[in-house]
Amino acid sequence: MKHIKKFISVLLCLIIVTLTCITAWAADTEKSSYVPDYDTETPIVIIHGMSQNNTYLIDEKGQWVKDDKGSLITGWPLRIEIAPLLKNALIPLLCAVLTRQDCGLADAIEASVNEALWVIEKDTKGNYVNNISVPCYECPMSELPDDVKEEYYRFVPVQELDEIVGEENVYYFGYDSLGDVAEITEHLNYYIHDVVMAQTGAKQVSLCPISLGGTIAVQYLEDYPEDYSLIKKMVFIEPALDGSNVIGDLLTNNLSFYNADDLYTSILPALFGETPVAYLLNMVLRILPEDVLMGALSSLATSLADYALRPSTILWALCPDAYYEEARSLWLTDDKYSEIREKADAFMNARKNLKDNLTELMDTGCVVADIVCYNVNLFPICKDYKTTNADRVIHSASTSIGATFADFGTTLGENYKAAGTYCSDPDHNHLSPDGIVDATTGFLPCSTWYFNEQPHEMLPDNDVAIKLAIRIITDNNMNDVYSNPEEYPQFNNARLVRIGREYIALWEETDKTSIPDKEKAAVDEAVKEMKTLLDETVVIKGEWENAEEKLENALAAAGVIEDPDPTEFEQILTKILKGMNMGVNKLCKMINAA
């Protein structure tokens, strides 16, 4: 009997120990898997980017003005009519071709620029000459008119926020993309306190500055340090924190098309793609004498800088530090621009203090995160567009607050070692797998995420980047790149899903009764593959593109869409015109040399 009792005791001990081990193992397993903790109370303020809000011309009664066609007249985004531009430039252009001299072409281009930008004309103090209205709705997304809400969601597709915090907690701060940076910042402060917090009763807000919105955040952090404790999270998306080289090159007239080899060979194909139009235009440019053409282009750049850039302090806030002193000496030394100069200087000082201000902000408990795109050529008008690592609109060193990038088309090298400037933890690896990025020199190495080959203006089409931003700003457990690396790694790839989603929607709306079973099955298979990929947040390079091409071809075979590929004739024509362009360019070089 004693042996039986002893056996039962030992057995019970073993069972208890085993259960304890299983429980502990289960607990460890649960801890190792990522569990979100959504914040459904803190309101979110989206500080949009350039061109994500309209600037309207208004009459003396405050009504939006319409043109002869019944369309609202906007100052920004620009809607340029080609006919008036041709009216000014056509005769001088023809005379220049015939006489091989300028014949007033540069002056005509300057007049055309002024005519195209008349709505946003400003005086020397930076004030609009015309009456301008910029919508800024003092209500959450839930109360916006349907057409406005649809437009804002097209600019910033964050509809999934509705499922987490509700549209009543999402606000879209509207401002003038060409306005005064100090006034915009002051309005943002009012908006946070007297609109968002007053309406929601919240004690904190989360901010999401996008692109140009990043410059507003720089000034806001400088001007309102007393608000730091009110900010729970700040999630930057492609922020212009050191401006953009595009603006820097425009302000210093340091542009790529002054290099004749680039102008006549690669700039237009970079702008328009490898198309017959690009190479045809290149040959047309050769009709003009080089000095006449360069003078006309210089007049275009100078007029644009003088008319649009010089009087706008928010565009001065887009001038990178490396360009500022030269640009300032070119455009702001005259005392009549003293007010603009003082505001531009004040912003540059705010930018110098950005890292200190971010440190103080984080010391209050605020989580600061950044989403960066890289490995895309800078816009082709920039002098160094072939080598600068960028997202096409902003150089990536600006959006990442100083991360190190290899020149475009190269890597940092096999023997490159992380600098460790802001993170020297040996357990952390902030070098990108592709060898292009050293994130340790960026100010937020542990809370900056990178998307390879993602163009700036197409970020709304990257569903993974948008999901990531939503997750960071709403999830209390998503605070750095180590929070959930399996789902959202620090280094990821671009994915543009808009066209694919449109194809899926088109197929679901299509009457399939007359489509043969074989073609129907091919489309169904391609749609299923794309829907499966939409659930994936780790993007394999080329995977989505291949799936989209497969769906395109299947839809074309089923007769639902036209064949998206260039025709054989177009491909042959492109090759012919490319070869002719190279020949014309060589011939002109020989003639000029002789």
Side-chain angles (χ1 to χ4, degrees), residues 46-89 108-141 143-156 171-191 194-195 212-213 215-216 303-318 336-337 339-340 343:
I46 295 168
I47 308 172
H48 66 73
M50 182 172 281
S51 302
Q52 292 181 332
N53 202 23
N54 291 329
T55 300
Y56 296 99
L57 180 69
I58 58 174
D59 59 22
E60 62 278 0
K61 297 180 180 179
Q63 301 297 311
W64 291 350
V65 181
K66 295 183 179 180
D67 60 20
D68 296 338
K69 300 177 183 177
S71 300
L72 293 172
I73 298 177
T74 59
W76 192 267
L78 293 176
R79 290 175 175 82
I80 298 175
E81 297 288 336
I82 299 300
L85 298 182
L86 289 177
K87 180 187 71 175
N88 289 327
I109 287 176
E110 181 180 353
S112 297
V113 170
N114 295 349
E115 188 170 337
L117 304 179
W118 71 272
V119 175
I120 57 172
E121 181 182 358
K122 293 183 177 182
D123 61 24
T124 57
K125 298 182 184 301
N127 300 313
Y128 283 111
V129 173
N130 300 294
N131 292 325
I132 294 296
S133 171
V134 180
C136 182
Y137 295 92
E138 296 187 357
C139 65
M141 294 288 277
E143 297 178 19
L144 288 176
D146 289 342
D147 59 334
V148 175
K149 185 192 301 186
E150 182 180 349
E151 181 177 46
Y152 286 168
Y153 275 144
R154 187 173 70 252
F155 292 148
V156 188
Y171 287 77
Y172 195 94
F173 174 67
Y175 65 89
D176 181 5
S177 294
L178 301 177
D180 182 281
V181 66
E183 291 179 4
I184 294 169
T185 305
E186 184 178 354
H187 189 207
L188 174 61
N189 177 256
Y190 158 82
Y191 194 83
D194 296 345
V195 178
L212 181 63
T215 65
I216 307 302
S303 300
L304 183 62
D306 186 22
Y307 205 87
L309 300 184
R310 171 155 55 180
S312 176
T313 60
I314 200 170
L315 293 184
W316 275 103
L318 285 175
K336 65 182 179 180
Y337 294 105
E339 290 189 25
I340 297 173
K343 290 179 179 180

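Remark: K122 engages no residue in a salt bridge (charged side-chain N to carboxylate O under 4.0 Å, His left out) (not counting sequence neighbours). With sequence neighbours excluded, no residue forms a side chain to side chain donor-acceptor pair (under 3.5 Å) with T124. Taking Y137 as the reference, nothing meets the side chain to side chain donor-acceptor pair (under 3.5 Å) condition, with sequence neighbours excluded. Partners of K66 according to the side chain to side chain donor-acceptor pair (under 3.5 Å) rule, which considers only residues two or more places apart in sequence or in another chain, do not exist here. Evaluation of the side chain to side chain donor-acceptor pair (under 3.5 Å) rule for E186 yields no partner, not counting sequence neighbours.
Considering every non-hydrogen atom in both S177 and G49, the closest pair reads OG-O, 4.2 Å. E183 and K343 make their closest contact through OE2-NZ, 4.5 Å (heavy atoms, listed as atom of the first residue, atom of the second, distance). Nearest approach of Y128 to G179, heavy atoms of both residues: OH-N, 4.4 Å.
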Check the pair M50 / L318 against side-chain contact (heavy atoms from CB on, under 4.5 Å), numbers first and verdict last.
-> CA-CA 11 Å; M50 182 172 281; L318 285 175; 4.0 Å; yes
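Counting heavy atoms from C-beta on, the side chains of I216 and V181 come closer than 4.5 Å. Using a 4.5 Å heavy-atom threshold, the side chains of L304 and L117 count as touching. Between L57 and W118, the closest side-chain pair of non-hydrogen atoms falls below 4.5 Å.
Applying side-chain contact (heavy atoms from CB on, under 4.5 Å) to P135 and the options Y172, Y175, Y56 leaves one that passes, Y56.
Note that CE of M141 and CD1 of I46 are 6.0 Å apart. Values are rounded to the nearest 0.5 Å. In this structure, the separation between CG on N54 and CD1 on I73 is 13.5 Å, given to the nearest 0.5 Å. Atom OG1 in T74 sits 9.5 Å away from atom CG in D67 (nearest 0.5 Å). Rounded to the nearest 0.5 Å, atoms CG (N53) and CZ (F173) are 9.5 Å apart. Once rounded to the nearest 0.5 Å, the distance linking CG of L315 with CG of L212 reads 7.5 Å. To the nearest 0.5 Å, the span separating NE2 on H187 from CG on D180 amounts to 13.5 Å.
A distance of 6.0 Å or more separates the ring centres of H48 and Y152.
Ring geometry, Y191 versus Y171: the interplanar angle exceeds 60°, so the pair is classed perpendicular (tilted spans 30 to 60°).
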Show the atom names and distances, to 0.1 Å, of all donor-acceptor pairs under 3.5 Å that link a side chain in residues 305-312 to residues at least two apart or in another chain.
residue : atom : partner : partner atom : Å
D306    : OD1  : R310    : NE           : 3.2
D306    : OD1  : R310    : NH2          : 2.5
Y307    : OH   : E121    : OE1          : 3.3
R310    : NH1  : W331    : O            : 3.1
S312    : OG   : L178    : O            : 2.9

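The backbone N or O of D176 sits nowhere less than 3.5 Å from a side-chain atom of T55 that would complete a donor-acceptor pair.
More than 12 heavy atoms of other shown residues, nucleotides or ligands fall within 6.0 angstrom of atom CG in D147.
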